[in-house]
Amino acid sequence: MTNKRAQSKSFEHKGITYKVGDNVLLLNQADADAPFICRIDNIVGKGRDAAMRVKWFYRPEETCSGRRAFHSTHEVMASDHVETHLQPAASIVSKCRIHTLEQYMELDKKTSKDLYSRFTYLAGSETFQPDQIAVYCKCQMPFNPDQHMIECPSCQSWFHPECLGYTKDEFRQKFYTGPHTRFLCDDCQQHQSSSSPVTDGDEDHETSETIAF
């Protein structure tokens, strides 16, 4: 007869209380620098006997698409992968925080345990939700919060300084060191030189294009 352990709402491990819904890092014996990432969906037992049923988060390189240039070092993907085997409480490294991209960008201080997710990976079918993402800049790449971007105040389009031929410091020095300096993208500069001056909001050059996984 199977010995079923009672379900619990929480447990304590190394002086820290963990509960259903917490996001945690689990020990990866193959690579201690890349702990597994999951959400606690269910808890059975208490104390040293506590174990968890978890739903996994994937790093981009763990998906069928692999890590791409627009993936931040702190980006993970929610998934539909629920682990069938219980994970022991002793495998927990620490808690982590998984935000939306918008929440992540608003953080005043980010730590190594602050992650964000903007996709869900459907592991069984190897597909993504959403399966397309908007692109920006001349390079036509999706937004990566690790990469600095600047906005054209006329059309509200976003660009990487490097794609315009500047380093971040060179761009700041050229366009933000004097009272009369103002950055305009190439399209807005051409519009301004060929017709009436462009005022903020006159045009919207922000791309509506997307790329698919």
Side-chain angles (χ1 to χ4, degrees), residues 1-130 133 142-149 213:
M1 184 175 179
T2 302
N3 181 21
K4 294 184 177 180
R5 289 182 285 180
Q7 293 192 9
S8 303
K9 293 183 178 180
S10 65
F11 63 90
E12 189 170 302
H13 174 61
K14 294 185 177 180
I16 299 174
T17 299
Y18 295 86
K19 61 184 185 298
V20 171
D22 282 348
N23 298 310
V24 296
L25 305 176
L26 300 186
L27 179 64
N28 180 354
Q29 294 183 343
D31 185 354
D33 294 328
F36 298 119
I37 307 164
C38 63
R39 185 187 72 200
I40 301 174
D41 267 8
N42 185 263
I43 299 170
V44 295
K46 294 183 178 181
R48 293 181 179 178
D49 294 329
M52 310 162 289
R53 193 173 304 283
V54 303
K55 180 176 283 188
W56 297 112
F57 285 86
Y58 280 65
R59 290 184 173 84
E61 61 268 25
E62 296 168 340
T63 70
C64 63
S65 180
R67 178 170 289 279
R68 301 171 72 172
F70 61 84
H71 288 134
S72 163
T73 56
H74 284 198
E75 182 163 7
V76 298
M77 298 183 185
S79 82
D80 61 348
H81 182 182
V82 178
E83 181 57 56
T84 57
H85 297 95
L86 292 174
Q87 304 298 305
S91 64
I92 290 179
V93 175
S94 68
K95 290 185 181 182
C96 64
R97 294 169 292 276
I98 300 179
H99 312 274
T100 66
L101 177 57
E102 292 75 15
Q103 292 169 338
Y104 179 80
M105 293 301 297
E106 291 175 359
L107 294 176
D108 292 330
K109 184 178 181 180
K110 301 177 179 70
T111 73
S112 60
K113 295 175 184 176
D114 284 302
L115 309 171
Y116 72 89
S117 175
R118 54 179 161 177
F119 300 102
T120 296
Y121 181 56
L122 307 180
S125 59
E126 294 189 334
T127 57
F128 300 85
Q129 292 180 348
I133 184 171
F143 176 66
N144 179 344
D146 289 350
Q147 298 175 349
H148 183 68
M149 296 191 78
F213 279 100

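All residue numbers refer to positions in the sequence shown, counting from 1. Please read these numbers as outputs of a predicted model, since none were measured by experiment. All values below come from the heavy atoms of this structure, side chains included, with hydrogens, waters and symmetry mates left out.
Not one N or O on the side chain of R53 forms a donor-acceptor pair closer than 3.5 Å with the backbone of V82. Distance alone, capped at 3.5 Å, is enough to place a donor-acceptor pair between the Q103 side chain and the T100 backbone.
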Derivation and outcome, side-chain contact (heavy atoms from CB on, under 4.5 Å), residues T120 and D80: CA-CA 8 Å; T120 296; D80 61 348; 5.6 Å; no
side-chain contact (heavy atoms from CB on, under 4.5 Å) between I92 and F11, worked out: CA-CA 12 Å; I92 290 179; F11 63 90; 3.6 Å; yes
Stepwise side-chain contact (heavy atoms from CB on, under 4.5 Å) test for C96 and F57: CA-CA 12 Å; C96 64; F57 285 86; over 6 Å; no
Verdict with supporting geometry, H81 and Y121, side-chain contact (heavy atoms from CB on, under 4.5 Å): CA-CA 9 Å; H81 182 182; Y121 181 56; over 6 Å; no
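Residues satisfying the side chain to side chain donor-acceptor pair (under 3.5 Å) test with T111, not counting sequence neighbours, are R97, D114. Applying the side chain to side chain donor-acceptor pair (under 3.5 Å) test to H148 and every residue at least two apart in sequence or in another chain returns nothing. E75 meets the side chain to side chain donor-acceptor pair (under 3.5 Å) test with Y116, R118; sequence neighbours excluded. In terms of the side chain to side chain donor-acceptor pair (under 3.5 Å) criterion, E126 has no residue partners (sequence neighbours excluded).
Listed by first and then second residue, the salt bridge (Lys or Arg N to Asp or Glu O under 4.0 Å) pairs that reach into residues 81-92 come to none, sequence neighbours excluded.
Contact between H74 and S112 at its shortest, heavy atoms only, is CE1-CA, 4.1 Å. Of all non-hydrogen atoms in H99 and Y104, the two that sit nearest each other are CB-N, 3.8 Å. For the pair A123 and Y58, the tightest heavy-atom approach, listed with the atom from each and the gap, is CB-OH, 3.6 Å. Closest heavy-atom contact between A69 and N144: O-ND2, 3.2 Å. P145 and M105 make their closest contact through CB-SD, 3.4 Å (heavy atoms, listed as atom of the first residue, atom of the second, distance). The shortest heavy-atom contact between S94 and Y18 is CA-OH, 4.0 Å.
Atoms OG1 and NZ, on T17 and K95 in that order, are 7.0 Å from each other to the nearest 0.5 Å. Considering CG of L122 and OG1 of T127, their distance stands at 4.0 Å, rounded to 0.5 Å.
Side chain to side chain, T63 and S65 fail the donor-acceptor criterion of an N or O pair below 3.5 Å. T73 and D146 form a side-chain donor-acceptor contact under 3.5 Å, judged by distance and modelled atom types alone.
A heavy-atom distance below 4.5 Å is found between the side chains of F119 and I133. L26 is listed as a side-chain neighbour of W56, based on a closest heavy-atom distance under 4.5 Å.
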Going by atom type alone, with no hydrogens or angles, which donor-acceptor pairs under 3.5 Å involve a side-chain atom of residues 30-52 and a protein atom two or more places apart or on another chain?
unit_1, atom_1, unit_2, atom_2, d
D31, OD1, D33, N, 3.1
R39, NE, D41, OD1, 3.0
R39, NH2, D41, OD1, 2.9
N42, ND2, Q7, OE1, 3.3

